[in-house]
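The structure appears right after this line, and notes come after that.
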Amino acid sequence: MFYEPALRNHGLSHDPLKALVAPRPIGWISSLSAAGVINLAPYSFFNLVSDRPPIVMFSSDGRKDSLANVEETGEFVCNIVTEAFTAAMNTSSAPFPPEINEFEKAGLAVEASRLVKPPRVQGIAAALECKVTDIRPLAGLNGHAGRYTMVLGEVIGVHVDEAILKGGRVDAQHFRLLARLGYMDYAVVERVFELQRPLAG
Ligand SMILES: Cc1cc2nc3c(=O)[nH]c(=O)nc-3n(C[C@H](O)[C@H](O)[C@H](O)COP(=O)(O)O)c2cc1C
């Protein structure tokens, strides 16, 4: 089959695009408002898009608290969601008003960051301390801004729980990364294999 997303002519009950560009890691974004209110929310339009300098992005469907906070303060932390945090991550995604602290709602404790003000999730295996480098409304071919705004940030500090390392490398069996698929589906990264890059010619 072939379809054009703008025409929604896939003929299926759901547009399969998000199930095709999958799995996506989940950035669990902690941020602070200018007034100091803590916020935590998961974003699967999230990824590392450069490693020199290390740049991450997340994309907000409309104006959400995380976007407002990073606009106000220029800082955020990406807590990397693993299987153990599935339920808490989901709880924190409810549309709570800005004054509500999702850490409390999800039964989570905070751990102070080193280089930015927003705290990270206590016990999380990996967290990236970031400073905003760019905030861009996402326009399509017609040039009109759509609903999404992309936040880009440089990773200035990385926390890694050494329990997920084996022989100096991140070990998938210990990390148990949670990823977003399409629909209401998720996956845990379990089967990993190595592949060397080919030489030219
Ligand atoms: C796994 C998962 C991934 C999500 N990814 C996104 C996303 O990429 N962009 C977005 O705008 N909302 C996403 N959401 C919904 C937000 O987490 C939700 O709207 C949340 O209330 C936003 O919180 P905030 O207003 O505190 O930023 C996702 C929810 C879940 C459960």
Side-chain angles (χ1 to χ4, degrees), residues 5 14-49 55-108 110 113 116-121 124-132 134-140 145-153 155 175-189:
H14 293 90
D15 186 335
L17 188 58
K18 286 190 281 184
L20 298 172
V21 187
R24 295 180 305 282
I26 303 167
W28 206 5
I29 309 296
S30 41
S31 60
L32 288 178
S33 69
V37 179
I38 297 182
N39 196 84
L40 179 70
Y43 286 79
S44 70
F45 286 133
F46 161 72
N47 222 312
L48 181 71
V49 290
I55 302 283
V56 289
M57 62 72 69
F58 71 92
S59 185
S60 178
D61 179 4
R63 295 204 49 82
K64 297 188 176 179
D65 299 341
S66 304
L67 175 62
N69 287 353
V70 300
E71 282 175 346
E72 287 176 15
T73 65
E75 296 185 339
F76 60 98
V77 174
C78 306
N79 300 274
I80 305 298
V81 182
T82 56
E83 188 180 29
F85 286 91
T86 304
M89 177 280 295
N90 203 27
T91 301
S92 74
S93 76
F96 297 113
E99 65 276 14
I100 294 298
N101 175 350
E102 289 89 357
F103 278 87
E104 282 171 10
K105 288 281 172 198
L108 298 164
V110 297
S113 291
V116 297
K117 290 205 179 95
R120 66 184 196 274
V121 172
I124 203 87
L128 317 177
E129 297 188 10
C130 303
K131 283 197 187 254
V132 172
D134 207 353
I135 298 180
R136 298 179 178 218
L138 296 178
R147 290 170 20 178
Y148 279 82
T149 303
M150 179 170 66
V151 175
L152 293 149
V155 180
F175 193 27
R176 304 197 64 77
L177 183 80
L178 187 74
R180 190 75 174 91
L181 306 176
Y183 319 111
M184 300 312 288
D185 297 342
Y186 291 80
V188 176
V189 175

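Ligands are counted one by one from 1 in listed order, and the atoms in each one are counted from 1 as well. Computed from a predicted structure; not experimentally measured.
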Say whether Ser66, considering both its backbone and side-chain N or O atoms, lies within less than 3.5 Å of an N or O atom on ligand 1. yes
Closest protein heavy atom to atom 7 (C) of ligand 1, given as residue, atom name and distance to 0.1 Å: Tyr43 CD2, 3.4 Å
Which ligand 1 atoms does Arg180 reach within 4.0 Å, using its non-hydrogen atoms? 1 (C)
Minimum distance, heavy atoms only, to atom 5 (N) of ligand 1: which one of Ser92, Ala41, Ser60, Ser44 is it? Ser44
Keeping Asn101 on the side-chain end and Phe103 on the backbone end, is there a donor-acceptor pair under 3.5 Å? yes
May I ask you to check if ligand 1 and Pro42 share an N or O to N or O distance below 3.5 Å? yes
Polar-atom distance check: Phe45 versus ligand 1, any N or O pair below 3.5 Å? yes
A student checking ligand 1 against Glu102 at a 4.0 Å heavy-atom cut-off should list atoms 26 (O)
Is there a nitrogen or oxygen of Tyr148 sitting under 3.5 Å from a nitrogen or oxygen of ligand 1? no
If you take all heavy atoms of Ile38 and Pro119, which pair is closest and at what distance? CD1-CG, 4.1 Å
Looking just at side-chain N and O atoms, do Asn79 and Ser30 make a donor-acceptor pair shorter than 3.5 Å? yes
Note: Ser59, heavy atoms under 4.0 Å from ligand 1, region reported as backbone
Centroid separation under 6.0 Å, is that true for the rings of Tyr148 and Phe45? yes
What's the shortest heavy-atom distance between Ala34 and Glu72, and which atoms? N-OE1, 2.7 Å
Side chain or backbone of Tyr186 under 4.0 Å from ligand 1, or both, or neither, by non-hydrogen atoms? side chain
Can you check whether Lys18's main-chain N or O pairs, donor with acceptor, with Arg24's side chain at less than 3.5 Å? yes
With heavy atoms and a 4.0 Å threshold, my read on which part of Ala94 contacts ligand 1 is backbone
Atom indices of ligand 1, in the order listed, that fall short of 4.0 Å to a heavy atom of Asp61: 10 (C), 11 (O)
Measure Lys64 to ligand 1 on non-hydrogen atoms and call it side chain, backbone, both or neither using the 4.0 Å cut-off. both
Examine distances only and state if a side-chain atom of Thr86 and a backbone atom of Glu83 form a donor-acceptor pair shorter than 3.5 Å. yes
Under 4.0 Å, heavy-atom basis, I'd like to know which part of Asn39 is in contact with ligand 1: side chain, backbone, both or neither. side chain
Does Tyr43 have its ring centroid less than 6.0 Å away from the ring centroid of Phe58? yes
Does any N or O of ligand 1 fall below 3.5 Å from an N or O anywhere on Asp65, backbone included? yes
Determine whether a donor-acceptor pair (N or O, by modelled atom type, separation under 3.5 Å) exists between the side chain of Arg180 and the backbone of Asp185. yes
Around atom 18 (C) of ligand 1, find the nearest protein heavy atom and jot down its residue, atom name and distance. Ser93 O, 3.3 Å
Residue pair Ser59 / Leu138: nearest heavy atoms and the distance that separates them: OG-CD1, 3.7 Å
